[in-house]
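Note sheet for the following structure.
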Amino acid sequence: MSKPELIAAYVSGRIGRRVFVRGLTALGVSATAATAYAKTLAPDAAAAGLGRDGSGLRVRAQAEYPGGDYGDLASIVQLLLRIGSLLEGIVDAGLQNAKAAPLRLQTGDELDPDDLDQLDTLRTQLLSHRDALRTLLHELGGEDTSKVPDLTYDVPADALLDLQSVLEANLGVYAAVIPQVTVQKVVTTLTTIGLVGGRHAAFVSRLLGDPAFPETFQKAATPDETDQLLSGLEG
């Protein structure tokens with residue numbers, strides 16, 4: 001099974017925790033990460049409002065889950081997938097440039113090889129976040145319509161600047177929607193992803209020579225701010 005197939009089988013109850021963890025480790029996921037996924041996506045963690053159909057899959061209840069100004073829960077997850085796809089596109093473009101020629105900062109300094117490795121790890125974690133969000137959306141009866149944009153950058157450092165902007169916006173969206181979500185399993189998943197996203201933002205800010213901790217409290221983003229950023233980068 002692929003990673004998305006393993007996740008879908010696990011959350012639907014078709015395979016158990018041990019098989020799920022073994023499957024992930026066989027695909028190259030560390031034992032620690034696999035165990036964390038198993039806990040976050042545990043089938044028994046389903047909260048009120050998610051029932052099961054005849055095949056054992058969870059189905060969306062008639063009631064709409066709230067998400068404040070961002071709409072219902074399915075709309076929120078779809079938005080987060082759009083932002084995640086945009087992040088993937090930016091990182092892919094930046095890494096391609098880094099392999100073709102040294103990735104330089106605006107100061108002219110080359111990125112340390114360890115930093116390039118960390119950018120590769122960041123991309124891997126983005127893919128894992130996408131898998132988890134897709135699984136949530138599937139349980140809610142939705143389908144992922146996001147697409148990874150094909151981006152190019154004349155100046156490699158511009159990729160890092162865009163990455164910084166979208167990561168900060170992403171944190172703002174998570175800060176806005178998590179308090180509005182009432183399904184505990186979804187809260188757990190979004191919080192876990194948001195915490196890792198905060199580390200991503202701090203890492204990229206450090207690469208650019210900016211403060212890793214720009215604000216004491218993360219500002220919640222508004223839908224208008226989010227739409228403006230996405231429309232500008234998704235083209």
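All values below come from the heavy atoms of this structure, side chains included, with hydrogens, waters and symmetry mates left out. Throughout, residue positions are numbered sequentially from 1 according to the sequence presented.
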Would you give the length of the straight line joining atom [atom1] of [X] to atom [atom2] of [Y], rounded to the nearest 0.5 angstrom?
X	Y	atom1	atom2	answer
Leu161	Leu207	CG	CG	11.0 Å
Asp158	Thr152	CG	OG1	10.5 Å
Leu133	Ile193	CG	CD1	4.0 Å
Glu88	Leu163	CD	CG	11.5 Å

Who pairs with [X] by side chain to side chain contact (heavy atoms under 4.5 Å, CB included), at least two apart in sequence or on another chain?
X	answer
Thr222	Asp224, Glu225
Asp150	none
Thr191	Ile178, Val187, Leu195

For [X], side chain to side chain donor-acceptor pair (under 3.5 Å) partners two or more places apart:
X	answer
His129	none
Asp210	Gln164
Thr226	Tyr70
Gln118	none

So, Ser128 and Asp131: side-chain donor and acceptor under 3.5 Å apart, yes or no?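 No pair is found: no donor N or O on one side chain lies under 3.5 Å from an acceptor on the other.
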What residues, two or more places apart in sequence or in another chain, satisfy salt bridge (charged side-chain N to carboxylate O under 4.0 Å, His left out) together with Arg123? Asp92
Decide yes or no for Ile90 and Leu86: does some side-chain heavy atom of the first lie under 4.5 Å from some side-chain heavy atom of the second? yes
Distance-only donor-acceptor hits, side chain of residues 168-177, under 3.5 Å, sequence neighbours excluded:
none

